Amino acid sequence: MASNVSSPPTPITLPNSSIQTSFLPKTSQLSIFKKKKLVSCKASNEHSSSSNRFDRRDLLLGLGGLYGATNLANDPFALAAPVAAPDLDLCEKSTVTSNSAGTINVACCPPKLKDAVDFKPPNFSKIRYRPAAHLADRHYVDKFNRAMELMKGLPEDDPRNFMQQANVHCAYCNGAYDNSGLGIPNQELQVHFSWLFFPFHRLYLYFYERILGKLIGDPDFAMPFWNWDSPDGMVIPEIYANPNSPLYDEKRNVNHQPPNMVDLDFAGVEEGLSNSDLIKSNLSVMYRQMVRNRTATLFHGSAYRAGDKPSPGQGAIENNPHTAIHRWVGDQRQPYKEDMGNFYSAGRDPLFYAHHSNIDRLWNVWKSLPGKKRCDFPDTDWLDSSFLFYDENADLVRVKVRDALDTTTLGYDYQRVDLPWLRYKPTPRPRSGRGRGRGHGHGHNHGRGRGHAVAAETNNTGTIRNVYPIVLDKLVRIEVPRPKKYRTRVEKEEEEEVLVFQNIQLDRDVSVKFDVYINDEDDETPTKPEDSEFAGSFTNLPHNHHHPGVKLDTNMTLPISDLLEDLDVEGDDNILVTLVPKEGKGLVSIGNIKIDYIRD
Ligand code: C2O
C-alpha cells in the first residue's frame, strides 16, 4: 500500500482528468463542482434520448388508449414513461419469506388520510448541515435523542410515527405497490436495483428529517450521517450503540458492536482481518465504486420506467458497500436477519437513516469529482418519476426525482470531512512468477489458467455449445472477447468499456455475494479489493416480490477501462473473467457475460 491512513493528504490526479487537486473538502472543491456542472452536465442535457420514447407513448395512447397499451406489457421499451407515484388505495400486504423461517405477511401500507399535493421546495433561512455521527457533540445528541423519542411516541396510526416511517421503506421495497404506469398490471414497484435508488432514499430521509425537526420545534435540525468511508467512522457510531438510547436497536449482529470495524466487502462470514487490513480493503472498495464508476448508469443504476419489469440493475454504491453494510449490521439470530438485514425491516433500525445519509452524501461527492460524465441523468422518465411521502405536517406529498437533485434546494448539506479513499487506487500486483509476461497484446490465450470455461465452445461436429447460463456453485473462469482494442485516450473518455452480466437470476430472499476479477490467473485464492484485478461484486439483500417466488432477474455493469489499463492488457483480444461465489454458492445463475461500451 503506497499510502497510509494517517499520512497527510497528498495531491492526486484522478484518471480521465486534467484537474489536479488536493480534494480536501474545502469550498474550492465545491466550486469545481459548480463549474463542471454548468459546463458539461448541461451540454449533455441537450442529448436527452427520451423524446423518441415519448412520441411512441403518445402514439400508443392515441391508438389504443390505456387498455390498448396493456398488450405491450412484455416489451420493456414499449411504454416509456416515468414511474408514477403509487396508489395508496391499491397497496397490498407484503410477503416476507426465507428458506429456513417460512413465510410471513407484514402490513406495511401507509394510512390513506387525504389526497396528495405536489411538493414545493421548502423556504429556509439557512442551510442545515448534517454532521458525521461520530463527531456530533453532546448538545446535538440530546436533541436528536429527544426527537427520536417523540417520533416513537406518536400514536401508532400517525403516518409520522417511527414504525409507520419504517413501513414506508417496507412498502416501496417489498412488493406492496404496483408499477402499473399506464394501466399495465402486475409489475411491482421496486425502488432498489435501478436508477430510483438514490432519489427515493434522499427524499425518504428528507421527510424523516423534517418530521424530527418539527417534533422538537427546530426546523434547522439535520440528521447525522454514518461516515463509514473514513477510518474514524468505521464502527457503529457510539450514539447508536447505547442500549438506553432511542437510537439503539437490539436486533443487530452481536459481533459487530463497537469497537469492531465494519467490513465494506462483507460476505456473511467473519474473515478475521486486522483493523489495518480492513481499512485498506474498505478504502479500496470506496475508491473503486466512487472513482471508477464515472457515468450515470454505472453510479445510479439502470433505467426503470413505468411498466418495466422491476430490478434492471443496481448502481455501484447500491451494490457495494450499501448491501454489505446492511448485511453486516443485521442480526444473524433473527429469522429474516432483521432489522437491517432485510428490506422489509431495515427502516426499524435508527442506524438505517445514518447509513443512508452517508450514501446520500456520497451522491453529492460523486458529482463533485472531476470527469465530464459525472452528471445525473437528463432523461425525463427519470426526472419525472414520483413517490408519495407524508411530510412533517402529516400531509401527503407527491414528489419527483427532479426535486431531489440538489440537496441545497432541499435546505441541507453535509459537514465536510476528509475523503481518504481518494488515495487508495488499487495497485497492480507484481507479475513475476505468475506464468505470463505483461507485454501488450501477446498470448492472450496461451498458458492460461487450467480448466476454465470459455464463452462458447465448438465441438467436433462443428456446432457451437454455449456455456451459459453459468450456475455459480464454484469458482468459474471464462474468456470474454473484446470487440475493440487499443482505444485512444479520447475514446476512453467518451466511452467506458464495461463488463455486462445479463440475466443474473436468483431467489429474492437469499443473501448472495459474488466477486469478479479480471485477468487474475492465480489458481490460489483470488486477490482482495486492494488489487487491480478486482472488478467488483454482485450482492443481494433479502427481499420479496409482489408475487412470492418470482425470481430476481437482473443485470450488472462493471467499468473496466481503468483495470485494463492498470493491468497493461489493453491490446488483448479476450479478457479472463473469474467469478468467485462468496455467499449463496449455487444459488445464482448468469445468462450471459459480454463486453460493451457505454457513454452515460
Ligand atoms: Cu432501501 Cu438500504 O435500502
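One-based numbering along the sequence shown. First listed ligand is number 1; within each ligand, the first listed atom is number 1. Everything numeric here is computed off the predicted structure, so don't read it as measured data.
Centred on atom 1 (Cu) of ligand 1, the NE2 atom of H169 and the NE2 atom of H201 lie at an angle of 120°, reported to 10°. Seen from atom 2 (Cu) of ligand 1, atom NE2 of H356 and atom NE2 of H322 lie 110° apart in angle, a value rounded to 10°.
For a distance bound of 2.8 Å, the N, O or S atoms of H192 include one lying that close to atom 1 (Cu) of ligand 1.
A pairwise comparison of heavy atoms in Q502 and N555 identifies CA-OD1, 3.4 Å as the closest pair.
Between L264 and N320, every side-chain heavy-atom pair lies at or beyond the 4.5 Å cut-off.
Looking only at atom types and distance, the side chain of D509 has no donor-acceptor partner in the side chain of S98 under 3.5 Å away.
A cation-pi arrangement is found for K152 relative to F162, the charged atom lying closer than 6.0 Å to the ring centre and inside a 45° cone about the ring normal.
Among the heteroatoms counted here (N, O or S) of H326, NE2 is the one nearest to atom 2 (Cu) of ligand 1.
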